[in-house]
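Worksheet: the structure to be examined is printed underneath.
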Amino acid sequence: SRLMSTGRTQSPIPVITVDGPSGSGKGTISQALAGQLGWHHLDSGSLYRLLAYAALQESLDLSDESALTALAKRLSHAYRLPTQDNPAIELYGKDVSDALRTEGCADAASRIAALPAVRVALLAWQRHYRQSPGLVADGRDMGTVVFPDAVLKLYLTARPDVRAERRYKQLINKGIESDLPSLIKEVEARDARDSGRKASPLKPAATALVVDNSDLGEAETLQQVLDAAHAVL
Ligand code: C5P
């Protein structure tokens with residue numbers, strides 16, 4: 001076509017991916033990174049949590065792939081993720097943000113996330129958030145599967161005890177009751193399931209910059225990540 005004949009290839013909307021286990025700080029860091037760059041932010045875990053929450057509400061069997069993918073189809077127009085002017089996650093117009101943060105919902109999310117058909121059903125949802133001027137996407141497989149052409153792939157991690165303690169503080173801050181010993185067990189079980197599954201297991205992308213922030217504060221981690229972003233942008 002005439003448009004193609006100029007020889008210019010249109011560069012795609014840039015994506016920075018931030019993957020890592022729970023409590024690695026990827027949510028906080030990617031939100032701050034998106035804020036600094038003026039880009040959109042996708043918390044892909046919230047999509048798995050939304051689907052899990054709806055499945056629990058409907059008492060679906062959490063291993064029934066076809067029921068879950070049918071549910072995903074029905075939900076695709078029923079949810080909204082946070083925007084700058086409204087931080088709430090909504091399902092059928094109801095704010096479900098707090099319900100999604102519970103460990104019960106996280107556990108159900110990680111169960112359904114092991115099912116290949118569920119992951120495929122959520123692919124289009126996730127790619128929809130790739131909008132100008134750019135996207136910071138956090139999750140488990142953002143760099144490996146969902147946005148393989150990302151301009152920068154980060155993998156945030158921290159020692160398991162540090163991550164469990166962070167999760168503990170997050171939950172307490174939200175007024176969700178929790179105790180550290182059982183949280184450590186839950187976080188370990190979820191990590192094992194996320195890393196051990198066949199479908200898009202949690203692992204750093206081949207080219208990922210791995211940042212272990214066990215002994216780094218939030219500001220220091222953000223600075224490392226910003227430096228890496230500015231080096232490629
Ligand atoms: O990140 P978050 O803890 O909210 O994710 C909840 C669960 O959703 C994870 O334990 C994981 O099993 C699943 N998940 C995933 N792939 C993603 C994001 C989340 O499998 N990209």
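Each ligand, and each atom within it, is numbered from 1 in the order the structure gives.
Checked by atom type and distance alone, the side chain of Ser97 pairs as donor or acceptor with a backbone atom of Ile89 at under 3.5 Å. Judged purely by atom type and a 3.5 angstrom limit, Lys26 has no side-chain atom pairing as donor or acceptor with the backbone of Asp138. Within the 3.5 Å criterion, the main-chain N or O of Glu218 finds no donor-acceptor partner in the side chain of Asn213. Judged by distance alone, with hydrogens and angles left aside, the side-chain atoms of Arg140 form no donor-acceptor pair with the main-chain N or O of Ser200 at under 3.5 Å.
Among protein heavy atoms, atom 6 (C) of ligand 1 sits closest to Arg190 NH1, 3.7 Å. The protein atom (non-hydrogen) at minimum distance from atom 16 (N) of ligand 1 is Arg119 NH2, 3.0 Å. Protein heavy atom in closest approach to atom 4 (O) of ligand 1: Arg49 NE, 2.5 Å. When only non-hydrogen protein atoms are considered, atom 13 (C) of ligand 1 lies nearest to Ala113 CB, 3.7 Å. Atom 7 (C) of ligand 1 has as its closest protein heavy atom Ala109 CB, 3.8 Å. The shortest contact between atom 8 (O) of ligand 1 and any protein heavy atom is with Tyr48 CB, 3.5 Å. Scanning all protein heavy atoms for the shortest distance to atom 18 (C) of ligand 1 gives Ser44 OG, 3.4 Å. Looking at atom 17 (C) of ligand 1, its nearest protein heavy atom turns out to be Arg140 N, 3.4 Å.
No side-chain heavy atom of Met142 sits under 4.5 Å from any side-chain heavy atom of Lys153. Ile184 has its side chain out of reach of Asp161: every pair of non-hydrogen atoms, C-beta onward, lies at least 4.5 Å apart.
For Arg197, the closest heavy-atom approach to ligand 1 falls below 4.0 Å.
Between Asp141 and ligand 1, at least one N/O pair is under 3.5 Å apart. Of the N or O atoms in Asp43, none lie within a sub-3.5 Å distance of an N or O in ligand 1.
A side-chain donor-acceptor contact under 3.5 Å links Ser110 and Arg193.
Shown are Lys185, Glu165, Lys169, Arg167; of these, the side chain to side chain contact (heavy atoms under 4.5 Å, CB included) with Leu180 is made only by Glu165.
Salt-bridge check for Arg197 with Asp141: failed, with every basic side-chain N at 4.0 Å or more from each acidic carboxylate O. A salt bridge does not link Arg159 with Asp212: every distance from a Lys NZ or Arg NE/NH1/NH2 to an Asp or Glu carboxylate oxygen is 4.0 Å or more.
The Gly139 neighbourhood of ligand 1 comprises atoms 18 (C), 21 (N), with distances under 4.0 Å to a heavy atom of that residue. Numbered from 1 in the order shown, with element, the atoms of ligand 1 that lie under 4.0 Å from a heavy atom of Asp194 read 9 (C), 10 (O), 11 (C), 12 (O). Using a 4.0 Å cut-off to heavy atoms of Lys26, the atoms of ligand 1 that qualify are 1 (O).
Using a 4.0 Å cut-off between heavy atoms, Arg167 makes no contact with ligand 1 at all. Only the side chain of Met142 comes within 4.0 Å of ligand 1, counting heavy atoms alone; its backbone N, CA, C and O stay farther away.
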